Protein chains: 4
Amino acid sequence: MVKLQKSIEKRDALLRATLSLVNSGGIQSTSMAKIAAIAGVSPATIYLYFKNKQDLVNQLYLTVKSEFTHKAFEGYNANGPMKQSFEQIWFNMAHFKLNHRAESSFLSQCDNTPMIDEMTRNEGLKLIQPLFDLMLRGQNEGIIKSISPYLFYAYTIYPMSFLLNMQKRALFELTDQCLKESWALAWNSIRI
Amino acid sequence: MVKLQKSIEKRDALLRATLSLVNSGGIQSTSMAKIAAIAGVSPATIYLYFKNKQDLVNQLYLTVKSEFTHKAFEGYNANGPMKQSFEQIWFNMAHFKLNHRAESSFLSQCDNTPMIDEMTRNEGLKLIQPLFDLMLRGQNEGIIKSISPYLFYAYTIYPMSFLLNMQKRALFELTDQCLKESWALAWNSIRI
Amino acid sequence: MVKLQKSIEKRDALLRATLSLVNSGGIQSTSMAKIAAIAGVSPATIYLYFKNKQDLVNQLYLTVKSEFTHKAFEGYNANGPMKQSFEQIWFNMAHFKLNHRAESSFLSQCDNTPMIDEMTRNEGLKLIQPLFDLMLRGQNEGIIKSISPYLFYAYTIYPMSFLLNMQKRALFELTDQCLKESWALAWNSIRI
Amino acid sequence: MVKLQKSIEKRDALLRATLSLVNSGGIQSTSMAKIAAIAGVSPATIYLYFKNKQDLVNQLYLTVKSEFTHKAFEGYNANGPMKQSFEQIWFNMAHFKLNHRAESSFLSQCDNTPMIDEMTRNEGLKLIQPLFDLMLRGQNEGIIKSISPYLFYAYTIYPMSFLLNMQKRALFELTDQCLKESWALAWNSIRI
DNA sequence: TATGAATGAGTATTCATTCAT
DNA sequence: AATGAATGAATACTCATTCAT
């Protein structure tokens, strides 16, 4: 029991160490030695919790994606009005990304790295299934266009990644006003 | 004279080799040795054409971005109707991305790598200035919303990256029908 | 405990390997790979014990310089007659140089390399401070000339380097007789 | 004829380029490419004048050593009083070293590098034969001690190298006063 | 469970030298 | 005689992973 607790703590420490390192220097400059140092363990210990670096990054991906979706669907009532529900989820996601920069920067980096394997990506995709269910309801109710969920995601959720990236590069500030405009763009894009 | 020709060919071969390697394995696993091998030269030869790896990648970035924007503005008449002009550019961009997978995948990877330096990114940004000019005209004409160019880009051009990524992962097929729908989403997003 | 012992042994092996390689081929042709091979470890292992090549050479410098001065002041009584004390130190130094060819050749090479950093040189200089104290006493007692310690060193200790270099090149043999003559030259140079 | 002149100029330019580079960065960081660039020729051209890098450095060694001894024996009359003659040569050497830092720094670096081959060193040694002849005369006249020429050199000429090295490292200033003291040390060392 | 030590296989980069022109 | 282009072989150094304890 005590052992198990300790293990979970160490695993978490390793995940957190990885997250912070990836955030500050990118995946490629995040070495196992640095992760171990920050987590306060020996490099060899990492291999007791994760099969290898790829596994570590993949598990971190799932963990962060899970946190993200958990926050995204916080307070979500599957029976409420579609637009209102989606709006709430949309703003939840936006707020998560704004308030958890390290996490969202990590997720962005994962989009283009071959380090995340396809199976893990699919696992991650499943987590936002409720969003796609909601979308379907909207489509059935004739509120939003009948398009592929990929198109739906591309024009409502994905644009935020770009805006955050620009903000990270200090080219742009995502103010509350911008956020509202952004939501309007997203909604107008898909509504009928 | 002959030498110069030969040099340009070799430089191109190196850029092409880099492009294909980055496309298939990511920037980090693209080593100078592999690039040299594919280009059919010695690793040392790379340094006759590029200062270092970063320089090589940055020059490739500008080359590809330049090709992309060249195609994007092909046939563009700055005085034509705003919507029609934008539609043409939008489809030009989409077709480039569809027909030059390696190039667009490379550009996507560049978005999140620290290897492209800020100066080069700005050079790249300047290339699509005509698009922002067109956007301004549309805003002045009261056709599209008065929003930041970053929002404009995020909801009209950027979503294509997601769709291509999904297509690359074989989760989705970007058919002509989809493309038309996609344009509708983009335009509805920003139009007044 | 056992590990620590082992480590010290390996560190010593690396220092010894470096010493012998520098002795036989110069610092520049002493590569990390050769050092590792002679010490019987992997090149990567060197970096567990030393930060980089410069650090390795600097630590070797301090180690050897320390051995040298330790021998130089062996049996030295700071209160004895100045000339006698100096004579003893002088011969100690000479004998060290004669009996530890590799070490003294290494120290000679260090004189002209930019690899030894100024801080380390100063550390090394401090080790022979007792000699300069003795010199000062001799000057106060009116036994030797009132000259800069650099002049003092240049005309009493430094000439040995030349003689050893000539001996290494087999142009000259530093016999006991020569050593005595040499001491006479050194002493006559500085005495009043 | 004209060709030959041109060649000699280029050869000199290469030697001068090498000298200045070795002076500012050491032999090991003096690359053939840099030498060529400073001399204003192609790297390949160096090999028309010198067999390889070692040959280049060796020839430079002989050239500089020759300049040095030429200056050393300037105004020397082999029949004058021994002490006076030696004093003149000694100061000539000192002044050369003080006024030609690059050259004397280069010669110092040559002392400990395996790049100068034994044959070349011997050639260099022959150039100061007149000094050894003078020494012999002094010994025959009973003015100076009957010691090996190596001891003689070690205690009269060699110490200057140390002083110049210290001066280069800004630890010491070789003033006129110091120079006079230095000569006194040298002479007292060997005189009877 | 945990680790410090060790390393093989890599990395980008440099450079003396050669060769076709 | 002169060269720009090319390169093989080397360089110092890094890192994910393993292993003896």
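In this text, all values refer to a predicted model and were calculated from it rather than measured experimentally. Below, chain A is the first sequence line, B the second, and so on; all start at residue 1. Heavy atoms only: backbone and side chains are in, while hydrogens, waters and symmetry mates are out.
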key: For atom CE of D:M115 and atom P of E:dC15, their distance in whole Å   = 13 Å
query = Contacts to DNA chain F from residues 15-42 of chain B, heavy-atom cutoff under 4.0 Å, which residues?
reply = B:V41, B:S42
request  = Could you work out which one of E:dC15, F:dG4, F:dT17 sits closest to the side chain of D:A44?
outcome  = F:dG4
request  = Taking the side chain as every heavy atom from C-beta outward, state whether A:H100 and A:L19 have any pair of such atoms under 4.5 Å apart.
outcome  = no
Check: residues 30-46 of chain C side-chain donor-acceptor pairs under 3.5 Å, at least two apart:
{"unit_1": "C:T30", "atom_1": "OG1", "unit_2": "C:V22", "atom_2": "N", "d": "3.4"}
{"unit_1": "C:T30", "atom_1": "OG1", "unit_2": "C:G26", "atom_2": "O", "d": "2.7"}
{"unit_1": "C:S31", "atom_1": "OG", "unit_2": "C:K34", "atom_2": "N", "d": "3.2"}
{"unit_1": "C:K34", "atom_1": "NZ", "unit_2": "C:S29", "atom_2": "O", "d": "2.7"}
{"unit_1": "C:S42", "atom_1": "OG", "unit_2": "C:A44", "atom_2": "N", "d": "3.2"}
{"unit_1": "C:T45", "atom_1": "OG1", "unit_2": "C:S42", "atom_2": "O", "d": "3.4"}

task = Only counting residues at least two apart or in another chain, list the ones meeting side chain to side chain contact (heavy atoms under 4.5 Å, CB included) with A:S105.
result = A:N23, A:Q109, A:K168
task = Return the set of residues passing ring pair (Phe, Tyr, Trp, His ring centres under 6.0 Å) with A:F68 (not counting sequence neighbours), or none when no residue passes.
result = A:F96
inquiry  = If I take atom CD1 in residue A:I8 and atom P in nucleotide E:dT1, what distance separates them, rounded to the nearest angstrom?
reply    = 13 Å
query = Can you tell me how far the CG atom of A:L127 sits from the CD atom of A:E67, to the nearest 0.5 Å?
reply = 11.5 Å
query = Just how large is the angle between the end axes of the helix from E:dA2-F:dT21 to E:dT21-F:dA2, five pairs per end, to 10 degrees?
reply = 30°
note = Among E:dA16, F:dA6, E:dA5, the one nearest any side-chain atom of C:S7 is E:dA5
remark   = Separation of F:dA16 atom C1' from A:L56 atom CG, nearest Å, is 12 Å
query = Taking only residues two or more places apart in sequence or in another chain, which ones pass side chain to side chain contact (heavy atoms under 4.5 Å, CB included) with B:S108?
reply = A:N112, B:S161
Rounded distance in Å - CD1 (B:I46) to P (F:dG8) = 13 Å
query = Can you list the residues that meet the side chain to side chain contact (heavy atoms under 4.5 Å, CB included) rule with D:D55, with sequence neighbours excluded?
reply = D:F50, D:K51, D:N52, D:Q59
ask   = Is there a side-chain polar atom (N or O) of B:Y47 under 4.0 Å from OP1 or OP2 of F:dT7?
value = no
query = Is there a side-chain polar atom (N or O) of C:K10 under 4.0 Å from OP1 or OP2 of E:dA6?
reply = yes
Residues which pass salt bridge (Lys or Arg N to Asp or Glu O under 4.0 Å) with C:E123, listed by chain and number, not counting sequence neighbours = C:K126
key: Phosphate contact (F:dT7 OP1 or OP2) by B:T45 side-chain N/O below 4.0 Å   = yes
note = Picking from E:dT3, E:dA5, F:dT3, the nucleotide nearest the side-chain atoms of A:L48 would be E:dT3
inquiry  = So, using side chain to side chain contact (heavy atoms under 4.5 Å, CB included) as the criterion, who are the partners of C:N58 when residues are at least two apart?
reply    = C:Q54, C:I116, C:D117, C:T120
inquiry  = Between C1' on E:dA5 and CZ on C:R11, what's the gap in Å once rounded to a whole number?
reply    = 16 Å
key: For atom CZ of D:F50 and atom C1' of E:dT17, their distance in whole Å   = 16 Å
request  = Measure the distance from CD on C:E9 to C1' on E:dA5 and round it to the nearest whole Å.
outcome  = 14 Å
task = Take atom NZ of D:K53 and atom P of E:dT14, then tell me their distance rounded to the nearest Å.
result = 15 Å
